Amino acid sequence: MVRARFAPSPTGYLHVGGARTALFNWLFCRKHGGRFILRIEDTDILRNIEGAERKLLDDLTWLGIEPDEGPDQGGPYGPYRQSERRDLYEAAVNKLLEEGKAYYAWDTPDELDVLRKAAQAEKRTFRYPRPATLPTKAEADRARAEGRPVVVRFRVPDEPITVHDEILGDVTFGAGEMEDLVIYKSNGWPTYHFAVVVDDYHMQISHVLRAQEHLMNTPKHVFMQRALGYEPPKFAHLPLVFNIDGTKMSKRDKHKVVRKAAKDLIKAGKWSADDVARIAQATSKAAEAWLDKADTELDMEQVTRLAASAGVVMPEIDVHDFKLSGYLPEALTNFVALIGWSPGGDREMLTRQEMVEYFSFDGINKAAGRFDREKLLAVNTTYCAEAKPERLLAAFRDWAACVDSSMKSLDDATLSRVIELCKGMRTLADVVSKAGPLFAPDDSIVFDPDAVTKILQKKNGQGYAMLEQMLPALESISAWTVSEIDGAIKGLAESAGVSMGDVAQPLRVAIAGRAVSPAIAESVELLGKEKTLNRVRLCLSRR
RNA sequence: GCCCCCAUCGUCUAGAGGCCCAGGACACCGGCUUUUCAAGCCGAGAACCGGGGUUCGAAUCCCCGUGGGGGCACCA
């Protein structure tokens with residue numbers, strides 16, 4: 001029975017890299033009729049973020065990667081949060097302690113730091129110096145009573161080890177290359193390394209698919225599995241995903257972009273450091289530290305405020321970011337599946353079913369891949385073009401609710417019509433950026449100065465002249481239909497001896513405020529007679 | 001510094017010794033279409049990191065070099 005798991009820690013939104021790991025685990029399970037387990041790795045109580053687990057779960061749901069077992073759905077091997085399985089870790093660590101396979105240690109962080117620095121000065125690789133005779137429990141208790149931080153370290157066997165990876169093949173590590181790692185912290189919680197080993201065993205995990213950054217952890221885990229008498233699962237380490245420039249995709253990228261924008265504005269004299277603090281709603285000290293490259297000084301909400309105010313778009317990093325940008329979950333998953341995996345041949349656009357069908361470790365690459373946003377956009381464009389109208393409508397509603405777009409209040413019929421008129425869209429957000437003004441109040445239309453000069457004022461105000469002539473033509477239309485409106489526009493172009501563009505573009509600027517909108521006759525029809533005439537008059541009055 | 005992994009167009013990749021003077025997709029460039037934007041259509045350019053082997057034959061196998069990346073926490 002195949003049982004694979006995705007095990008995120010609740011520190012924020014789901015990262016796209018994590019989403020790919022989750023997807024591969026899910027695909028692997030579906031392919032082999034196995035069970036996909038979600039386990040929350042929350043052993044670092046300080047790093048856990050309130051509400052993060054919910055966000056993680058919601059993002060997975062949005063992507064269509066539903067666990068078979070997990071905190072929400074339960075299952076026979078629960079609980080599915082590590083914080084609720086402490087007795088298991090305790091029993092395991094006691095066993096190792098009793099057998100002399102693990103031992104107590106109580107060096108302070110400062111003491112360890114001194115040892116590390118000394119090793120570094122001698123150009124030696126630091127490894128924790130295992131004491132010749134292992135401390136007794138009584139000694140550990142005494143140290144604890146004295147206020148020393150008592151941890152438990154795993155006694156790593158002094159022998160080479162070869163672990164087999166389903167993707168990479170055999171990987172060998174020499175004897176003595178790993179130090180005796182901490183498996184129990186002084187605060188009484190197990191470390192990640194220990195909890196994974198214990199949980200994977202108790203949850204009967206058969207395959208561990210995880211990012212390649214964990215490769216070096218594998219021998220440690222296998223040594224522990226042997227020490228505990230567990231049969232190690234099979235391992236498959238997935239290639240990493242980087243930014244297009246080869247850097248790591250991290251939330252730092254967001255800070256970077258916003259910081260640069262803020263600094264540029266300061267340099268241009270438009271902002272001051274105080275403005276940064278005020279806009280972010282942070283202390284001036286925090287703002288200054290942040291400007292000086294301390295990412296941790298401002299949180300994401302504060303940075304988001306700065307980005308909005310500075311008018312910069314932050315790079316999408318988390319699944320939620322892509323959702324907000326208007327990507328379809330099926331497009332995102334298809335795109336992300338193709339980084340580090342190939343279904344073989346020329347196949348590229350795949351349904352989830354096809355992905356399951358073609359999925360295999362053979363198709364997984366060893367080399368790291370890069371996340372090409374241009375390609376994602378192209379994939380999304382294709383998905384938008386091929387999606388059924390109902391799907392697009394549902395996806396748009398989902399998105400509009402998420403970003404709180406004013407267009408979310410439109411009825412289904414109108415919305416479907418608008419979406420249809422926006423075909424060729426690259427993201428759901430394009431619908432709003434293209435057709436949004438048609439649904440805004442007449443007096444909220446902002447005229448794009450460029451469009452005004454280029455289209456209305458040019459050639460001695462020919463655009464305005466066309467609008468003046470358009471007014472009676474539109475007024476006389478009794479049946480407000482696309483064909484009538486189209487006829488009116490064509491008629492005017494012909495009688496005035498100008499091109500269609502010379503008539504349509506001024507009208508477009510009048511009703512939308514800029515040179516872009518859906519097809520003109522359709523836009524006008526959608527707007528309605530009254531509003532159209534109102535907007536044309538309004539535009540002329542601002543001449 | 002030590003350990004580990006990797007290496008085909010700018011990017012994602014196909015390719016499991018002859019089917020490859022290397023195929024697809026995105027991007028780019030040129031053109032078409034056109035009442036805007038986007039979309040669409042047609043076309044062009046673009047890669048086997050270097051050096052040694054093995055073999056009748058190497059993008060494919062081996063070695064070395066170079067380059068890129070990851071890991072070296074009481075974080076996961």
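In what follows, chains are A, B, ... by sequence order, proteins preceding strands, each numbered from 1. Hydrogens, waters and symmetry mates play no part in the numbers below; they use all other heavy atoms, side chains included. Nothing here was measured: the structure is a model prediction, and the numbers come from that model.
The partner of B/U54, taking Watson-Crick or G-U wobble pairs whose two distances both stay under 3.5 Å, does not exist in any strand shown. Across the strands present, B/A25 finds its partner in B/U11; the criterion is a Watson-Crick or G-U wobble pair with both atom distances under 3.5 angstrom. For B/A16, there is no paired base (Watson-Crick or G-U wobble, both distances below 3.5 Å). Pair assignment for B/C32: B/G40, on the basis of Watson-Crick or G-U wobble contacts that are both within less than 3.5 Å. Nucleotide B/G67: paired with B/C6 (Watson-Crick or G-U wobble, both distances less than 3.5 Å).
For the OP1/OP2 pair of B/C74 and a distance below 4.0 Å, the side-chain nitrogens and oxygens of A/Arg116 include at least one atom meeting the criterion.
Using a 30° and 60° split on the angle between ring planes, A/Phe322 and A/Phe371 fall in the tilted class, from 30° to 60°.
At whole-Å resolution of the value, NE2 in A/His193 and C1' in B/A73 are 8 Å apart. When the P atom of B/U35 is taken as reference, atom CD of A/Gln462 falls 16 Å away, rounded to whole Å.
Using modelled atom types and a 3.5 Å distance limit, the side chains of A/Ser83 and A/Asp42 yield a donor-acceptor pair. There is a side-chain donor-acceptor pair under 3.5 Å between A/Tyr89 and A/Asp199.
Near RNA chain B, meaning a heavy atom under 4.0 Å from it, residues 208-221 of chain A has A/Gln212, A/Glu213, A/His214, A/Leu215, A/Met216, A/Asn217 in order of number.
Looking at heavy-atom distances under 4.0 Å, A/Thr11 makes no contact with the nucleic acid at all.
Relative to the ring axis of A/Tyr104, A/Arg153 does not place its NZ or CZ within 45° and under 6.0 Å from the centre. Taking the centre and axis of the six-membered ring of A/Trp106, the NZ or CZ atom of A/Arg144 falls outside the cone set by 45° and 6.0 Å.
For an aromatic pair to be called close, the ring centres must be under 6.0 Å apart, and A/His193 with A/His221 satisfies this.
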